[in-house]
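First comes the structure, then the notes that go with it.
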Amino acid sequence: MTGARFTRVRLNRKDLRRPFPRGFVQRLRGQTVRTVTRRGKYLLVGLSSGDALVMHLGMTGWFRVESTAAANRRSGDRDQALENRHDHVVFTMSSGVTVTFNDPRRFGMMDLVTANHLPHHGSLAAIGPEPLSREFDAQALARGLANRKISLKVALLDQRVVAGIGNIYASEALHLAHLSPFRRASTLATKSGVPRPACTRLVTAIKSVLRRAISLKQTERYDESRFRIYDHEGERCPTPGCGGKILRAWQAGRSTFYCRVCQR
DNA sequence: ATTGAGACCTGTCGGC
DNA sequence: TGCCGACAGGTCTCAA
């Protein structure tokens, strides 16, 4: 998309999780894409007008990228109707590429924000440090967890503490760091806010788990066998010499996978 | 101010 | 084969 112009923008419905902003199509059409970046789980497309297109995939959102010729062929194909049922947004670009947003559960979202409003935009405003940046270290995590009475697992899902961690990698990181998902978040730092060794371990584990996931494109296709403990209830704990069994618990409405033996 | 519960949706899978 | 309930990768809102 970078460098290309939106020649056509099509909305197949008026909302996803929330309504599309008024004037969405008109404000996008004719704009050239300057940048395509990311902040946490939000995708940001910078436009020549100064506006930014903000997008989130929710749980089931994804983009199909194909030549415009292929997209046109598809739209005339009755057999594809079932699979294309959840195509909600179609971007036709001047480069000859068509980018289609498909999202069965419609938990995704798209918004259009002026550049000066971007830093204040809803959840983007309060979002925490990027996990793979230098800025995210034991000090930063200790600050984020200070005084929080919630469990470590629930804290990692809070995007204000650290950006971009979801239910799978919260379990994976805590396991790698040998930390109990039920431990109170505030206990990773001393009263005066100095990070404990466990805090440093968790930062290292988060970075390691995410780097590995990115290098393997791990969740691009959901493949449970690639996770160490997520969705492995009842199997042996993969920690060398541990011998524990992987358990499953329920926290804040989400399932947590963990080992009672090596995670304290 | 923080926290937990429920809501928003459709698809899939296991059990009967 | 078909029906039913449980559960799914994420926020967001509301009430306590």
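Below, chains carry the letters A, B, ... as their sequence lines are ordered, and counting in each starts from 1.
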Q.
Test side-chain contact (heavy atoms from CB on, under 4.5 Å) on A:Ile168 and A:Phe227; report intermediate values, then the result.
A. CA-CA 8 Å; A:Ile168 292 178; A:Phe227 304 128; 3.6 Å; yes
Q.
Between A:Ser255 and A:Asn167, does the side-chain contact (heavy atoms from CB on, under 4.5 Å) criterion hold? Intermediate values first, please.
A. CA-CA 8 Å; A:Ser255 52; A:Asn167 200 40; 4.2 Å; yes
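The separation of B:dC9 from C:dC14, taken at their P atoms, amounts to 15 Å, rounded to a whole angstrom. Straight-line distance between the C1' atoms of B:dT3 and C:dG9: roughly 23 Å, to the nearest whole Å.
Distance A:Asp103 CG to C:dA8 P: 18 Å, rounded to the nearest Å. Protein atom CZ of A:Arg106 is 16 Å distant from nucleotide atom C1' of C:dC12, rounded to whole Å. Straight-line distance from the CZ atom of A:Phe107 to the P atom of C:dT13: 14 Å, rounded to whole Å. Atom CG in A:Leu157 sits roughly 10 Å away from atom P in C:dG9 (whole-Å rounding). Between the CG atom of A:Leu124 and the C1' atom of C:dG10 there is a distance of 14 Å, rounded to whole Å. We find that CG of A:Leu16 is positioned 13 Å from P of C:dC12, with the value rounded to whole Å. For A:Lys41 and C:dC12, the NZ to C1' distance is 13 Å, given to the nearest whole Å. Regarding A:Asp231, its CG atom lies at a distance of 9 Å from the C1' atom of C:dA8, rounded to whole Å.
Listed nucleotides: C:dC7, C:dT11, C:dG9. Nearest to the side chain of A:Arg248: C:dC7.
Nearest heavy-atom pair across A:Ile165 and A:Lys41 is O-NZ, 3.3 Å.
Distances shorter than 4.0 Å separate none of the side-chain N or O atoms of A:His56 from OP1 or OP2 on C:dG10. One finds no side-chain N or O of A:Ser255 lying less than 4.0 angstrom from the OP1 or OP2 phosphate oxygen of C:dC7. Residue A:Gln159 has no polar side-chain atom (N or O) positioned under 4.0 Å from OP1 or OP2 of C:dG10. Contact between the side-chain N/O atoms of A:Arg17 and the OP1/OP2 oxygens of C:dC12 is found at a separation under 4.0 Å.
Screening A:Thr68, A:Val99, A:Val9 for a side-chain contact (heavy atoms from CB on, under 4.5 Å) with A:Thr92, the sole residue that qualifies is A:Thr68. The side-chain contact (heavy atoms from CB on, under 4.5 Å) test with A:Cys237 is passed by exactly one of A:His175, A:Arg260, A:Lys245: A:His175.
In this structure, A:Phe91 has its ring center no closer than 6.0 Å to that of A:Phe63.
Of the possible polar contacts, one joining the A:Asn12 side chain to the A:Asp87 backbone as a donor-acceptor pair under 3.5 Å is found.
Paired regions of DNA chain B, where each region holds three or more successive Watson-Crick or G-U pairs whose two hydrogen-bonding distances fall under 3.5 Å, are B:2-8 with C:10-16, B:10-16 with C:2-8.
Protein chain A touches strand DNA chain B; the 5'-most and 3'-most nucleotides with an atom under 4.0 angstrom of its non-hydrogen atoms are B:dT3 to B:dG11.
Defined by atom type and a distance below 3.5 Å, a donor-acceptor pair is missing between the side-chain atoms of A:Asn72 and A:Arg74. Between the side chains of A:Thr190 and A:Ser192, a donor-acceptor pair is found at a separation under 3.5 Å.
Using a 4.0 Å heavy-atom cutoff across all strands shown, A:Trp250 reaches sugar-phosphate atoms only and no base atom. In this structure, A:Arg160 reaches neither bases nor backbone, as no heavy-atom distance under 4.0 Å exists between it and the strands shown.
No N or O donor and acceptor, one from the side chain of A:Arg254 and one from the base of C:dA8, sit under 3.5 Å apart.
Using a 4.5 Å cut-off between side-chain heavy atoms of Ile, Leu, Val, Met, Phe, Trp and Tyr, with links allowed through other members, A:Leu43 and A:Met1 fall into the same hydrophobic cluster.
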